[in-house]
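Worksheet: the structure to be examined is printed underneath.
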Amino acid sequence: AQSVTQLGSHVSVSEGALVLLRCNYSSSVPPYLFWYVQYPNQGLQLLLKYTSAATLVKGINGFEAEFKKSETSFHLTKPSAHMSDAAEYFCAVSGEAAGNKLTFGGGTRVLVKP
Amino acid sequence: GAGVSQSPSNKVTEKGKDVELRCDPISGHTALYWYRQSLGQGLEFLIYFQGNSAPDKSGLPSDRFSAERTGGSVSTLTIQRTQQEDSAVYLCASSLGPDRGVKLFFGSGTQLSVL
């Protein structure tokens, strides 16, 4: 079975500061990992994904994440926060079988202070 | 349309009533998913359709919940005898295929409020 833990349900960062969102996973098979972002009153949008290629994955809007098997982690970072980054971020792991049923973490809401 | 379309965007109903939520996936996407997003529960998988295969209903919370997908396109999620704990945002997603790692495209959801 798969599970995802996101540390911190809320994160506050200053504009221009580093954004770091933590994600740890559990999977009985080699994992496929995702970060999705949800802006208010919108659906989820894919930021980036890891599918067993390069361990450092670059996504949209300047975000990147690094897959660390030894730590079972897939933390999301952005060097410099922008006001438009205020949103909720979800880490997810793909299911074992075909069908790509995702198991999501609880989400981290990011507040960006001017 | 260009994206996944869900209707209605908001639904208020009385406890005990039945509701139907609709999802129009992206044209050509063979896989369709329903998720529920609620406070305290996060995002929960409900049901998955792939082509003409039997749906994976493993996430449906009770037999009051059902879904169908007609013609491999539009899907309807039905909740019978709604309860207050059914209040949540119901999200639909579609993808090109069932492979692990494929990108899911989400609709904006239906906010269901059961009074």
Side-chain angles (χ1 to χ4, degrees), chain A residues 1-10 23 25 27-55 57 59-60 65 67 74 87-109, chain B residues 1-10 21 23-26 29-51 53-60 88-111:
Chain A
Q2 285 70 35
S3 67
V4 176
T5 302
Q6 291 183 239
L7 290 178
S9 58
H10 291 79
C23 172
Y25 70 91
S27 178
S28 53
V29 298
Y32 286 5
L33 296 158
F34 306 79
W35 276 99
Y36 280 84
V37 60
Q38 186 177 33
Y39 298 102
N41 300 316
Q42 296 186 26
L44 281 70
Q45 302 174 33
L46 181 66
L47 273 179
L48 49 81
K49 63 179 181 179
Y50 166 77
T51 57
S52 76
T55 57
V57 181
I60 61 172
F67 171 68
F74 190 56
E88 190 159 18
Y89 294 78
F90 294 90
C91 183
V93 64
S94 184
E96 297 177 2
N100 207 32
K101 295 185 304 184
L102 298 181
T103 297
F104 286 89
T108 299
R109 188 171 297 278
Chain B
V4 177
S5 178
Q6 292 188 246
S7 61
S9 55
N10 285 281
L21 313 180
C23 173
D24 278 277
I26 294 173
H29 281 195
T30 62
L32 187 148
Y33 310 77
W34 284 97
Y35 285 84
R36 179 168 70 174
Q37 184 175 22
S38 54
L39 291 175
Q41 297 296 323
L43 276 154
E44 305 170 88
F45 165 78
L46 296 177
I47 188 169
Y48 157 68
F49 297 88
Q50 168 55 37
S53 301
D56 178 346
K57 305 179 182 180
S58 60
L60 295 178
V89 176
Y90 289 82
L91 292 169
C92 176
S94 68
S95 64
L96 278 170
D99 297 333
R100 296 180 74 220
V102 70
K103 176 181 178 180
L104 267 60
F105 294 79
F106 283 83
S108 298
T110 294
Q111 173 76 62

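In what follows, chains carry the letters A, B, and so on, assigned in the order in which the sequence lines appear, proteins first and then strands, with residues in each chain numbered from 1.
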Is atom CD1 of A/Ile60 surrounded by more than 12 heavy atoms (other residues, nucleotides or ligands) closer than 6.0 Å?
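More than 12 heavy atoms, drawn from other residues, nucleotides or ligands, come within 6.0 Å of this atom.
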Examine whether an atom of [X] lies under 4.5 Å from a heavy atom of chain A, and if so say whether it belongs to the side chain, the backbone or both; otherwise answer neither.
{"X": "B/Leu43", "answer": "both"}
{"X": "B/Gln6", "answer": "neither"}
{"X": "B/Ser9", "answer": "neither"}

Please classify the contact between [X] and chain B as side chain, backbone, both or neither, with a heavy-atom cut-off of under 4.5 Å.
{"X": "A/Phe34", "answer": "side chain"}
{"X": "A/Gln45", "answer": "neither"}
{"X": "A/Pro40", "answer": "neither"}

What's the spacing between [X] [atom1] and [Y] [atom2] if we round to 0.5 Å?
{"X": "A/Gln38", "Y": "B/Phe106", "atom1": "CD", "atom2": "CZ", "value": "9.0 Å"}
{"X": "A/Leu46", "Y": "B/Ser95", "atom1": "CG", "atom2": "OG", "value": "11.5 Å"}
{"X": "B/Phe45", "Y": "A/Lys101", "atom1": "CZ", "atom2": "NZ", "value": "4.5 Å"}
{"X": "A/Leu102", "Y": "B/Tyr35", "atom1": "CG", "atom2": "OH", "value": "4.0 Å"}

Heavy atoms only, distances under 4.5 angstrom: which of B/Gln111, B/Lys103, B/Gln50 has the most pairs with chain A? Name it, please.
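Highest number of heavy-atom pairs under 4.5 Å: B/Lys103.
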So, does A/Tyr36 use its side chain to make a donor-acceptor pair with the main chain of B/Leu104 at under 3.5 Å?
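Answer holds: yes.
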Passing option when B/Arg100 is tested against A/Val29, A/Val93, A/Thr51 for side-chain contact (heavy atoms from CB on, under 4.5 Å):
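The residue from A/Val29, A/Val93, A/Thr51 that satisfies side-chain contact (heavy atoms from CB on, under 4.5 Å) with B/Arg100 turns out to be A/Val29.
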Heavy-atom pair with the smallest gap, counting every atom of B/Gly101 and A/Ser94:
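Closest approach of B/Gly101 to A/Ser94, heavy atoms only: N-OG, 4.2 Å.
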